[in-house]
Each structure stands twice: as structure tokens, then as C-alpha cells.
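Throughout, a chain's letter reflects where its sequence line sits, starting with A, and its residues are numbered from 1.
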Amino acid sequence: MKIAVIKYNAGNVQSVLYALERLGAEAELTDDPEKILQADKVIFPGQGEASTAMSYLKARKLDQLIREIKQPFLGVCLGLQLLCEHSEENNTDCLGIFPVKVKRFIPENSQEFKVPHVGWNELENLADNPLLKNLPDPKFLYYVHSYYAEISEVTIATTHYIHDFTAILHQGNYWAIQAHPEKSSTVGEKLLSNFLNI
Amino acid sequence: MLTKRIIPCLDIKDGRTVKGVNFVQLRDAGDPVELAKIYSDEGADELVFLDITATVDKRKTLAELVTKVAKAINIPFTVGGGISTVEDVKVLLGAGADKISINSAAVYNPKVVDEMAREFGSQCVVVAIDTRSVDGIDFVHTHGGRKPTLLKTQEWAKEVADRGAGEILLTSMDHDGTKAGFANEITSEISSALSIPVIASGGAGNMPHFKDVFTFGKADAALAASIFHFKEIGIPELKEYLSIEGLAIRK
């Protein structure tokens, strides 16, 4: 099985590659459309700022390519947000795969709730979905983000910080995780291995 | 619910883990990769690697170690020690570190915090602040706490947060190595004043100290070294204790 990890100006890609390596998957970091279209699965990692990432994707026509992909596709962290319709981060129009809006966390009490949301938090309200099969308990994932996707009909798991937000999305062949599964110990590892088995 | 983080710190010298008592006496505590794996399996929420002998020619060795660690563990880790430029950060993040921490370099050249945050995102920029009380006023110290500066700790913490730091690692040099508890007062003051997370460090001696720094100290995370390395406190028992005490803990 060949996994293409989309190469663009996003940080933290190395950890995704190492996590896939630990699972025995053959993964390649690439921005070559041919390789991406031929891969069995595609991972869209991310960390950074939405408008810069979108401009980069558009300049290289990767935005078109991502919309055309038919294989199982997994967005991670900023990858999730870019797959949504729109992000409040610098008022950015995103890829629009998921009919969901991305907003900034606004705490009522900034002493109690800091932004970014950094650390381990729990998955809740899990739908019956192949990505979420047999996750070990307790289901904590590692988060680092200031923006979140609103809860919608394509939300398949939520997490609570200030209020409930979308932890995981699924529609058709696209899945996306707000947390960093590659950094989320055994729960993250299981999410990635479930994705590889879809 | 967002949980409080427990972070073992591994001081690295010549590729081995050491822990200095007040940064002077060093004792060998093992292979960093193996130790990192053990901590990760035991439930540590994050790890910090501090290269205490970081010099230019040691950079490559450190980057190689970072790659080995990144391949072996699946929890986030921060690398610090002697980092001063955007290029240093690029090398370590490229090697697989999730965050870097800068200390003295930020004091001498505060703009580097803005540059690093702009280039790599705030989420990976941890500013380490060593603080020591001088006649009742908290001042930032550099060089492992030996050199005082004229910066007041609270003001400096606010400045680096404004410049784009993603987290603050606050070490009390008055408490470090004493095992008498964390510096709850200043930790609480800084944590309350800032919207970014504060990691408390220095002074952990027993399990109630951790509870205190999370409650009275309002810390988002607590870091310790020797008590973990010498198995005075096990991470699973610490997490069990904190959870029974009513704190949100991942276990």
C-alpha cells in the first residue's frame, strides 16, 4: 500500500511520516500530482496559518487536485480546517470539501481558558465509523490550535473546550482530524491504523 | 476536558541524560531514547530535552538524537539548549522536534521570538524563563540561572507572549533542585496574566507539590527531572494521585 503525504508549506510533516513508518506503511512526502493521484491513500497534514497555506496550494493547483481525489483522504490539524468552507483565520476561503465553518476560540474567561487550546483532551460523541473502530480508552488526543470547526452533520466525534467543537469529520472519501494523531500515543496510532485499513 | 500535563525533562550532555542539582553536579541517568520511550509508555504527556552543552559543533549530534527520539515516540517533545537562530530551529524541527525552547537568545535578541513564531508558528515556540528573586523582586536570569538581567520576570513573560511565544516554561532558580515545591506564587501570577499556557518547573519533590502548582500555581503543565529519573515518583502513581485529587488528568 502506498501513502502519499501532501507536501506543502506546512510544518510538522516529519512526525506524520515517522508515525506511518511505525505502522509499517510506505509513505512518501510529495507534491507531484501523478504520485498523489496514484497513491492508495492520501494524507494532508498541516500546521501553520490558513491563508498562507491556501495561497500556496492554489499557486501549485493542489487545491484542484485535492478536490479530485477519489481515494481515502485524511486531513490533519490545519489540514482539517483547510478542507472546510471558510476559516476566520485571516478571513480565508478554504477548499469546501466539508460544509463547515472554522471559527476562532473566544473564551469568556481568559484566565480559565487559554487560546491556543494546547494539550490532551478527550474524544466524545463518537459516531459508528470505520475510522473510530476499537479506539483504546480513555480516548485522549493531543491538540494545538486556536481555531476550530463548528459541529455539523459531518462531525463524527467532538471534543469539549470552552464549548463542544468538531474533533473529527467524515464525508464520502474524506476524513479529517483536528488533533495530532501522530503525537497522540496509542489512540492516535489506532486512528491512523484504522485509516490505513479503510 | 483539557488535562494538566506532566512533563519529564531530560537534560542531555554528550548524547546521554543527566540531571544537575542546581545545574552544577551532574549525574548520569541513562540513554535518552530509551528513557523517552519508557516515559511515553508510562503516560508522560510530553517530554522536554534540554541540551546543556549545546555548542555549534554539537548541533549535528543533537539533530541526530532528535530524529532517533521522533522515530521512537508518539507524544510531543520540545528541544532546548543553545538555540539562538531561525536556522537552528529549522534544523531541529526538520529532524522531528515538535517544539523548540529558547532562553538566553530571546533575552539578548527579543526579535528572534517574533521571527521564529512568524516562520514556524507560535505553537512550536516555547520561551524558557529562568527566574530568581533578588531582594523580593523576580528577575530573569540567563546562563543556567547564574547571570542576572535587568528584566523583571512578569514583564518579560508578557513581552514574549506578545511577540508570539506559544508557551512559557518558567523555572524558578530559587526552587530548582530543592525538592521543596514549585514556585506557586509567581507561576500563578504569570499564568493569570497571560493567555498562553505556562509550564512550571523547579522544586518538585513529592506528589502534593504537583497538585499545588496546578491549583494554587494555576500552571497548565508541570515539569520535573530527577524525581522521575531516579524513580522517586512514578508517572502512573502521580497521575492516579492527581486524578483522585480531582484534577483533569490523562491516564
Checklist entry - Can you name the closest pair of heavy atoms from B/Met1 and A/Phe140 and give their distance? => result O-CE2, 4.2 Å

Item to check | B/Arg5 side-chain N/O to A/Gly119 backbone N/O, donor-acceptor pair under 3.5 Å | outcome: no

Item to check | Check: B/Phe77 and A/Ser15 side chains under 4.5 Å, non-hydrogen atoms | outcome: no

Checklist entry - Heavy-atom distance under 4.5 Å to chain A: side chain of B/Lys90, backbone, both or neither? => result neither

Item to check | Smallest separation among heavy atoms of B/Leu2 and A/Asn121, with atom names | outcome: N-ND2, 3.3 Å

Checklist entry - Have A/Glu189 and B/Asn74 got a donor and an acceptor in their side chains that come within less than 3.5 Å? => result yes

Item to check | Test side chain to side chain contact (heavy atoms under 4.5 Å, CB included) applied to B/Asp98 and A/Lys183, step by step | outcome: CA-CA 9 Å; B/Asp98 298 291; A/Lys183 285 289 156 183; 2.9 Å; yes

Checklist entry - If every non-hydrogen atom of A/Tyr18 is compared with every non-hydrogen atom of B/Ala95, which pair is closest and at what distance? => result OH-O, 3.7 Å

Item to check | Toward chain A, the part of B/Ala221 with a non-hydrogen atom under 4.5 Å | outcome: neither

Checklist outcome for this item: Closest non-hydrogen atoms of A/Arg22 and B/Lys71, given as atom of the first, atom of the second and distance, are NH1-O, 3.0 Å

Checklist entry - Of the listed residues (A/His145, A/His117, A/His160), which shares the most heavy-atom pairs with chain B below a 4.5 Å separation? => result A/His117

Item to check | Partner set under salt bridge (Lys or Arg N to Asp or Glu O under 4.0 Å) for B/Glu237, not counting sequence neighbours | outcome: none

Checklist entry - Is the backbone of B/Ser191 close enough, under 3.5 Å, to the side chain of A/Lys114 for a donor and an acceptor to pair up by distance? => result yes

